[in-house]
Protein chains: 2
Amino acid sequence: MANANIQLVVVGNFVHISETNCQEIAYLHDHIMIVNTSGKIVFFDRGNLADLRKEYQFNEKDILAMTSGQFMIPGLIDTRATATCFPMACTHMDKKSFDWLENCALPAEAQCFDLNYTERLMQKLVKCMVDNGTTTACYLMSMHFDACSTLANITIKKGQRAIIGKTCMDRNSPYFYFETSNQAYESTVRLVRTLRSRVSPLLMPVLVLRLRQTTTEKLVQKFNQLSKDLGICIQTTMAQSAEEVKIAFKMFPNNKTYTSILDKASLLTPRTILAHCIHVTDEDIQLLKDRNVGVSHCPNSNISIRSGIFDARKFLKYNVNVGLGTDIGAGYSVSILNAIRMAITTSKIISIGKVKETAYQPISNAEAFCMATLGGAKVLGLDKRIGNFQTGKDFDALLIDCNVDNSVISTFDFDGLEEKFQRFLYAGDDRNIINVYVAGKSIKSN
Amino acid sequence: MANANIQLVVVGNFVHISETNCQEIAYLHDHIMIVNTSGKIVFFDRGNLADLRKEYQFNEKDILAMTSGQFMIPGLIDTRATATCFPMACTHMDKKSFDWLENCALPAEAQCFDLNYTERLMQKLVKCMVDNGTTTACYLMSMHFDACSTLANITIKKGQRAIIGKTCMDRNSPYFYFETSNQAYESTVRLVRTLRSRVSPLLMPVLVLRLRQTTTEKLVQKFNQLSKDLGICIQTTMAQSAEEVKIAFKMFPNNKTYTSILDKASLLTPRTILAHCIHVTDEDIQLLKDRNVGVSHCPNSNISIRSGIFDARKFLKYNVNVGLGTDIGAGYSVSILNAIRMAITTSKIISIGKVKETAYQPISNAEAFCMATLGGAKVLGLDKRIGNFQTGKDFDALLIDCNVDNSVISTFDFDGLEEKFQRFLYAGDDRNIINVYVAGKSIKSN
């Protein structure tokens, strides 16, 4: 008798980063993946399909046998999807950090008071992200409760795993876009309650403070309490641009390091998702490690708005958890594949400049791929649930086909699994992502 | 009576770099483009279609009216397509310059003695390039006459504009891949004759010396004579990596600059296409300008194999002609759109590093787009024929559609022509290139 508890059995090749070795990509041939109806991986190993069928009692029709050109990778994770800025992508590439913030990002956020606009925008964005293989995104929305709620409806319907937060700032706001400390706090609490009331295991809230400099002490304290009480992450930005660093030290004198400013505000905890962290010292990085803070590295954004150059190698040396973010809008691409390539590009350019430090190695394919999957999961505090193919975790995965019709990848007779994966990593696109699974469910065509 | 001399009339929006202003992108609304049966632009301006029809007597069926989501740009130009290395793309991204050359590039070239292999490879590559909008490519092939000839057959059949050369080295060759000076010269002469005998206006020969260091004085002199007598360009490489520079100064002592080594060999002329030119001084750049040498900038290759960082701004400041190249293989992408993005990325990263030179500006969209079109044409000595939409030039163009089904670009209601173009530039791909014209003929589906 078939076991109603199994929804999917995948047979073929898998590529991921294992729990124990982030330095190498695990190329797993001829594996069998069994996923139960809760979307969890109950078996992942080599094995005899007939024997496993006896043991797990799955249906023949639930078996997906991948072709030799196909393989699966874990779903990609965007640790910083600045959803409201999506329309500004590509079209303001001459702007620098502060100019971008004031003249693009903030007006784009303010626009989201318009729910019709927001709904159309988010439909487009979420579809685009899923098409590009982003199974989990940490969304930074505008201050508007309704806009956040609208996005939640869309991600639930699409089946994407989403962590959604309303971006708060209760000082130094522009005249066209501000709220009081109480408004910021109250509507955040309301949003957290609303998102949790949806009882979707794929939907989670996040608290968002734009910057320490745009937040009052009072709001920081309230957010810290909320984060602690409810176990919710706080996402904020640190050291994105040199100008921002200057302002920080001016506003918070008597601090030797930027991190000490945040540390004094109790903003460095394992629940902190800290974006950018470009203009930092070794001391800063050490403290981020000590506090077990997760860092969201957004290479396309960093370069596009010229905020600075993030030295990923340094963070990895200190064993800081680093994930990738599109920071879409400031970054021109919605794709985490692009973020992988830009992270490697940035790191290679740093390494070229280190003429004397010959031992300096740019980040490898494995390290960049880890940031896009398991690393991102760690940053979001979700590595017990997602990030790689581990028994007990949710099955968030992409079915990759290098030989799909109209593929932009050129493959060759001599390509093994490793070459196919590398071609996908550097040259593949959404066409090669022929299916997207979140918690075992196919969501690409939702 | 219809005039048999007109083959195509295009009505709508066009985007290009004008002959007189490389600093700005010309966004031309509601223009009419008339192309004769020789593939030449005979009219390009605003105008009254009915009046023009009387004047040029074209057929109704030859009118292409672009939709509002569509526009045309000049065909993209790849000034350095190292065709033989195509299979190595994406799969050796950990290799550095010399390691790449010895263990990837040279073995891949040597492989092209196998004509079956070469034919399949070149079919794949040329299709891929045309799909990605490369209407003109300067192909660097292996030393094998037959391989070059095979590629020529394929580009002619496809209708792509191609400049093809066999790569020569008559010293310091690896044991598995070498020829004598006479063999190199004789088969080059034979190739030039063969390509010219094809009487295709789209096919041209180029002389290729791998490096000054791998060429004897004798061969250089013979090539210079050939270049002068027949008006054929010579493509060679200079200052790609720091190691190469060291070897150059060791082999050619009594030279203060790298360019002086090439200059003494009479290798710096308006017919020289000089690839890479990364590790150069201001004096070098000035000499390149004085000699009117064209430079092939291959940003993806530079970064991927970590050969160095090309400072495009400096070359533009000295008014050197710069085109873009994929250097495919060492570079992971066959697309000149990717080269545009990588050139801008590189330049932005340089600008971020110039903390004190606040006046330093990274290259703009216009400058990068120019390198990909008119700049590339100048580098290849073809700017009288291609590079932009100028009456009298050949009509090499791409029909871009931002709203095509399955497009990866997200467009918005408020997008004008400028925004559409920018979204294509940063986020578009081959799907948005819905037609490719070379000398007036549509070649995408050939």
Side-chain angles (χ1 to χ4, degrees), chain A residues 86-87 89-94 117 120-121 124-125 127-128 131-132 242 300 302-309 332-335 338 341-342 344-346 348-353 355 361-362 364-365 406 408-415 418-420 422-431, chain B residues 86-87 89-94 117 120-121 124-125 127-128 131-132 242 300 302-309 332-335 338 341-342 344-346 348-353 355 361-362 364-365 406 408-415 418-420 422-431:
Chain A
F86 181 44
C90 305
T91 54
H92 295 84
M93 292 287 290
D94 54 341
Y117 164 85
R120 276 181 294 135
L121 177 60
K124 206 176 265 201
L125 175 62
K127 181 188 182 311
C128 195
D131 284 348
N132 281 283
N300 193 318
N302 296 348
I303 297 163
S304 289
I305 61 168
R306 289 174 279 157
S307 37
I309 303 166
Y332 62 73
S333 174
V334 86
S335 156
N338 171 281
R341 294 167 197 161
M342 291 295 264
I344 292 172
T345 291
T346 303
K348 283 190 170 178
I349 290 185
I350 295 175
S351 85
I352 292 169
V355 183
Q361 284 297 320
S364 63
N365 289 349
N406 200 24
V408 78
I409 300 178
S410 297
T411 55
F412 296 87
D413 299 343
F414 52 77
D415 285 347
E418 194 165 338
E419 285 76 19
K420 281 174 198 150
Q422 291 168 342
R423 293 190 195 283
F424 171 70
L425 201 69
Y426 285 100
D429 65 25
D430 54 298
R431 283 168 283 191
Chain B
F86 181 44
C90 305
T91 55
H92 295 84
M93 292 287 290
D94 55 341
Y117 164 85
R120 276 181 294 136
L121 177 60
K124 206 176 265 201
L125 175 63
K127 181 188 183 310
C128 195
D131 283 348
N132 281 284
N300 193 318
N302 296 348
I303 297 163
S304 289
I305 61 168
R306 289 174 280 157
S307 37
I309 303 166
Y332 62 73
S333 174
V334 85
S335 156
N338 172 280
R341 294 167 198 161
M342 291 295 265
I344 292 172
T345 291
T346 303
K348 283 191 170 178
I349 290 185
I350 296 175
S351 84
I352 292 169
V355 183
Q361 284 297 320
S364 63
N365 289 349
N406 200 24
V408 78
I409 300 178
S410 297
T411 55
F412 296 87
D413 298 343
F414 52 77
D415 285 347
E418 194 165 338
E419 285 77 18
K420 281 174 198 151
Q422 290 169 342
R423 293 190 195 282
F424 171 70
L425 201 69
Y426 285 100
D429 65 25
D430 54 298
R431 284 169 281 192

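Computation of the quantities below employed the complete heavy-atom set of this structure, encompassing side-chain atoms and omitting hydrogens, waters and symmetry-equivalent molecules. The sequence lines fix the lettering, A, B, ..., with proteins before strands; numbering per chain opens at 1.
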Residues A:V408 and B:C128: closest non-hydrogen pair is O-SG, 4.5 Å
Which value, rounded to the nearest 0.5 Å, describes the distance between [X] atom [atom1] and [Y] atom [atom2]?
X: A:L425; Y: B:T91; atom1: CG; atom2: OG1; answer: 12.0 Å
X: A:I303; Y: B:I344; atom1: CD1; atom2: CD1; answer: 12.0 Å
X: B:R423; Y: A:C90; atom1: CZ; atom2: SG; answer: 6.0 Å

Would you say the side-chain atoms of A:K348 pair up with the backbone N or O of B:S304, donor to acceptor, closer than 3.5 Å? yes
B:F414, part contacting chain A, at a heavy-atom distance under 4.5 Å: side chain
Contact winner vs chain B - [options], heavy-atom pairs under 4.5 Å:
options: A:N300, A:I349, A:I309; answer: A:I349
options: A:D429, A:I409, A:N365; answer: A:D429
options: A:M93, A:K124, A:Q361, A:R341; answer: A:M93

Relative to chain B, which segment of A:S351 carries a heavy atom at a distance below 4.5 Å: side chain, backbone, both, or neither? side chain
Region of A:D413 in contact with chain B, defined by heavy-atom distances below 4.5 Å: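 Side chain only.
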Indicate the ring-plane relationship of B:F86 and A:F412, choosing parallel, tilted or perpendicular according to the 30° and 60° boundaries. perpendicular
Would you mind telling me which of B:S364, B:P362, B:S307, B:A427 has the largest number of heavy-atom pairs within less than 4.5 Å of chain A?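 Greatest number of close heavy-atom pairs with chain A: B:P362.
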